[in-house]
Amino acid sequence: MTGLRRAIDQRLAGAFETLGLPVDLARATPSDRPDLADFQCNGALAAAKRVGRNPREIAAAVAEALGAAPEFSGIEVAGPGFINLRLSDEALSARAGEIAGDPRLGAGMVGTPRRILIDYGGPNVAKPMHVGHLRSSIIGESLKRIHRFRGDTTVGDAHFGDWGYQMGLLIGAAMDADPWIRALVEDLNAAGTEPSPEAEAAAFEGLARRISLADLDRMYPEAAALGKTDEAYRNRARRLTAELQARRPGCLLLWRHFARVTQVALARDFHALGVDFDLWKGESDADPLIPEMVADLEARGLLEDDQGARIVRVGRQGDKRELPPLLVVSSEGSAMYGTTDLATILDRRRTFDPDQVLYVVDQRQADHFEVVFRAAVLAGYAAEGQLEHIGFGTMNGTDGKPFKTREGGVLKLNDLIEMTRDRARERLREAGLGAELPEEAFEATAHQVAVAALKFADLSNFRGTSYVFDLDRFTSFEGKTGPYLLYQAVRIKSVLRRAAEQGIEAGGIRITDPAERELALLLDAFDDALSEAYDRRAPNLLAEHAYRLAQAFSRFYAACPILPAEGEVRASRLALAGTILRQLELCLDLLGLSAPDRM
RNA sequence: GCGCCCGUAGCUCAACCGGAUAGAGCAUCCGCCUUCUAAGCGGACGGUUGCAGGUUCGAGUCCUGCCGGGCGCGCCA
């Protein structure tokens with residue numbers, strides 16, 4: 001199925017070819033001047049430059065050549081050589097009808113599907129999620145859904161931060177906090193063998209009583225702070241990290257408890273946000289590959305000794321700056337951030353063999369990924385361009401620096417969600433739904449509204465730039481917000497429900513009113529918005545489309561009564577509304593949102 | 001110091017390969033519920049796109065310089 005915009009491209013290409021003009025310039029875009037046209041082509045201007053002729057003459061010739069095409073109701077040359085194209089109501093009606101009958105609502109697939117792995121979320125053991133985790137999680141989730149919908153075999157991996165120095169800190173802190181734990185770890189380490197299943201079960205049971213997620217939340221910041229100021233403490237944590245990575249049984253067992261407790265809680269929190277991972281692989285899963293990888297790097301002659309550490313230099317001729325080397329083995333003998341990342345590349349290659357890996361991680365880590373990717377290419381673990389860092393900007397406070405609460409701490413994601421849910425409940429009660437809906441549905445709706453508000457507020461910004469985190473804006477339900485999108489969907493559902501009750505049926509779509517034209521044009525523009533969001537890895541483009549669609553519907557709703565109309569007009573408007581709902585809900589789903597039935 | 005990113009309306013953000021009159025939301029003001037959910041709709045107000053040059057028929061967009069801000073620059077992740 002070809003969309004209208006693409007059909008116009010083809011018409012233009014035909015005309016350009018006939019006239020001996022560069023065909024790559026034959027492209028229609030939505031008009032900047034909706035009062036003058038639906039689409040415009042600026043190709044005559046660029047062509048004039050290339051072939052050295054008058055742009056208006058070229059435009060006039062193209063317009064002439066286009067003259068017989070049936071989908072246009074108006075073709076005009078304007079300004080310096082814009083070709084303004086207006087579509088006939090018939091063409092729009094036919095296209096709207098096509099989309100109405102299309103399970104994919106007008107969206108195309110990629111030409112050649114690829115295998116894509118998306119690394120996002122990046123939760124860590126013992127670190128509760130804060131607002132900073134919101135971006136990676138929801139951008140990554142949306143990219144995953146967009147890729148999958150367009151036909152790629154797509155896998156989302158949480159890439160759980162469960163390995164490294166932080167674990168040494170925590171193991172030490174837990175041993176300090178409780179003599180029973182200290183004894184357990186030390187005895188197991190001394191024994192040097194895995195405990196029996198019974199002993200292991202008993203140990204986990206004892207740990208479950210002693211260390212909860214809340215304890216970890218409390219212990220980690222304290223230990224991290226101590227590690228910064230106290231050298232002996234820091235050195236012990238490093239040693240314990242190395243012991244864990246050497247798989248000393250006591251450290252390993254305690255670590256497994258930490259990871260398990262955290263993961264269960266995190267998966268629940270992610271799910272509540274509409275974020276679900278296909279894989280929950282940890283950095284620890286890449287760990288077993290490290291020895292052979294180090295040997296391999298050695299064999300390839302890439303490893304160098306430097307200040308007691310082992311590194312890979314990744315500088316290239318023509319670099320504008322000197323990149324730091326990849327630190328493969330620390331002077332303590334530990335694997336570092338980059339080591340596990342490199343080993344993870346190997347692991348993914350063996351287990352999933354992706355054509356491309358997208359890392360949805362804070363922009364500040366651009367240099368780190370550049371180093372890792374270069375090392376991977378040097379070692380032959382990945383091809384140039386196969387690994388891509390999808391960086392995003394930070395959420396800043398009004399002072400322009402990464403967001404902190406008034407107390408100076410980080411805002412926990414769960415607190416933000418609860419705050420927003422409170423506002424949603426209040427708003428639902430005002431609407432009188434508190435009494436009408438069963439408790440469960442009421443809570444579910446409040447949650448949907450809150451999540452939509454938070455996620456849309458983030459997704460509507462271009463991912464690459466930092467933005468100011470404004471609590472009021474994030475928890476607002478009016479204007480260009482997630483709840484606005486949900487509300488439009490809810491209104492349509494309500495209309496469709498009434499229509500069904502009254503036995504009113506939808507019919508063929510006939511576009512006549514300006515509000516209907518706008519809707520038909522937007523339905524057609526979905527495919528462009530989706531493929532653009534895909535190509536540029538920019539969900540905000542899809543969010544923008546969803547908003548425009550919702551807004552156009554709201555105007556249509558105000559201007560064109562649906563059920564109060566009669567006959568074919570009513571049947572047409574009902575069909576149009578139903579199609580808008582389906583495309584809107586599809587957009588919401590691709591953004592990781594969902595609309596309730598009532599709100 | 002070196003490098004990367006950013007600077008657009010009072011505030012928060014958009015702007016497709018360089019195109020016409022730079023768009024939304026919030027805030028402010030004025031209208032609209034006796035038709036389907038007013039979390040809505042219509043309208044008004046609001047801009048020298050940080051500054052100065054350059055390329056171009058045409059620049060928020062490309063180039064150079066300056067000013068301002070953020071971030072990164074091997075033993076955390």
Side-chain angles (χ1 to χ4, degrees), chain A residues 24-25 27 29-33 35-36 40 42 45-46 48-49 55 78-82 84 122 124 127 161 163-166 169 224 227-228 237-238 283 306-309 311 319-327 329-332 334 336-338 340-341 362-368 371 391 393-394 396 398 400-402 424 427-428 430-431 449 457 460-462 464-468 470 472-473 476-481 483-484 486-488 490-499 528-529 532 536 540-541 544 547-548 551 554-555 557-559 561-565 577 598-599:
Chain A
D24 59 300
L25 299 177
R27 190 162 191 280
T29 55
S31 178
D32 293 333
R33 295 285 306 273
D35 52 318
L36 300 179
Q40 65 187 68
N42 304 334
L45 294 160
K49 189 184 263 183
F82 299 108
N84 281 335
N124 287 294
K127 293 186 196 168
W163 211 237
Y165 173 67
Q166 52 170 350
L169 277 172
K228 276 185 187 156
R238 288 221 188 108
E283 293 170 336
D306 194 273
Q307 297 167 45
I311 63 168
D319 277 353
K320 283 188 188 168
R321 65 192 189 286
E322 194 182 341
L323 278 175
L326 181 74
L327 194 54
V329 185
S330 80
S331 49
E332 291 290 320
S334 294
M336 306 300 293
Y337 184 29
T340 40
D341 275 358
D362 194 323
Q363 188 64 51
R364 287 177 293 189
Q365 297 190 40
D367 282 357
H368 165 75
V371 169
T394 47
N396 295 331
T398 42
K401 300 192 172 162
R427 191 67 192 76
L428 285 169
E430 281 171 23
V449 170
S460 58
N461 292 319
F462 175 66
T465 50
S466 298
Y467 64 85
V468 174
D470 178 348
D472 283 338
R473 179 176 153 244
S476 152
F477 303 151
E478 271 118 51
K480 191 174 182 177
T481 64
Y484 175 90
L486 267 42
Y487 181 68
Q488 301 314 330
V490 163
R491 286 166 120 187
I492 302 175
K493 288 187 184 184
S494 175
V495 169
L496 297 183
R497 224 172 12 239
R498 282 173 180 265
D528 280 339
E532 194 79 5
R536 292 168 58 190
N540 68 305
L541 297 173
E544 184 66 25
Y547 176 66
R548 288 224 281 258
Q551 205 180 28
S554 197
R555 274 196 283 269
Y557 185 83
I562 302 169
L563 299 181
R598 305 176 64 188
M599 66 184 273

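Throughout, protein chains are lettered first and strands after them, A, B, ... in sequence-line order, and every chain is numbered starting at 1. Being a predicted model, the structure only gives us computed values, none of them experimental.
For A:Glu283 against B:A77, a side-chain-to-base donor-acceptor contact under 3.5 Å is absent. For A:Ser466 against B:C6, no side-chain N or O and base N or O form a donor-acceptor pair under 3.5 Å. Contact of A:Asp32 with B:C16 (side chain to base): a donor-acceptor pair of N or O atoms is detected under 3.5 Å. Below the 3.5 angstrom threshold, one finds a donor paired with an acceptor across the side chain of A:Lys49 and the base of B:G58. With hydrogens and angles ignored, no donor-acceptor pair under 3.5 angstrom links the side chain of A:Asn396 to the base of B:G70. A donor-acceptor contact under 3.5 Å is formed by the side chain of A:Asn84 with the base of B:A20. With hydrogens and angles ignored, a donor-acceptor pair under 3.5 angstrom links the side chain of A:Gln307 to the base of B:G74.
Dashed line: the shortest gap from a side-chain N or O of A:Arg427 to OP1 or OP2 of B:A39 is under 4.0 Å. A sub-4.0 Å separation between OP1 or OP2 of B:C41 and a side-chain N or O of A:Tyr484 is present. At B:C36, none of the side-chain N or O atoms of A:Ser494 fall inside 4.0 Å of OP1 or OP2 (strictly under the cut-off). When the side-chain nitrogen and oxygen atoms of A:Arg321 are compared with OP1 and OP2 of B:G72, none of them lie within a distance under 4.0 Å. Between A:Arg491 and B:A38 there is a side-chain polar atom (N or O) within less than 4.0 angstrom of OP1 or OP2. The side chain of A:Tyr165 contributes no N or O atom lying less than 4.0 Å from OP1 or OP2 of B:C76. At the phosphate of B:C13, neither OP1 nor OP2 sits under 4.0 Å from any side-chain N or O atom of A:Ser460. For B:C76, the OP1/OP2 oxygens have a side-chain nitrogen or oxygen of A:Arg238 closer than 4.0 Å. Taking side-chain N and O atoms only, A:Gln551 has a distance below 4.0 Å to OP1 or OP2 of B:G25.
The base-pairing partner of B:C41, taking Watson-Crick or G-U wobble contacts with both distances under 3.5 Å, is B:G31. Pairing for B:G7 goes to B:C67, judged as Watson-Crick or G-U wobble with the two contacts each under 3.5 Å.
For the P atom pair drawn from B:G18 and B:C6, the interatomic distance equals 16 Å after rounding to whole Å.
B:G19 has no stacking from A:Phe82 on its base ring, since the centres under 5.5 angstrom apart and planes within 30 degrees of parallel are not both found. Applying the 5.5 angstrom centroid cut-off and the 30 degree plane-angle cut-off, the aromatic ring of A:Tyr557 is stacked upon the base of B:C36.
The aromatic rings of A:Tyr547 and A:Tyr484 sit tilted relative to each other, their planes meeting at an angle between 30° and 60°.
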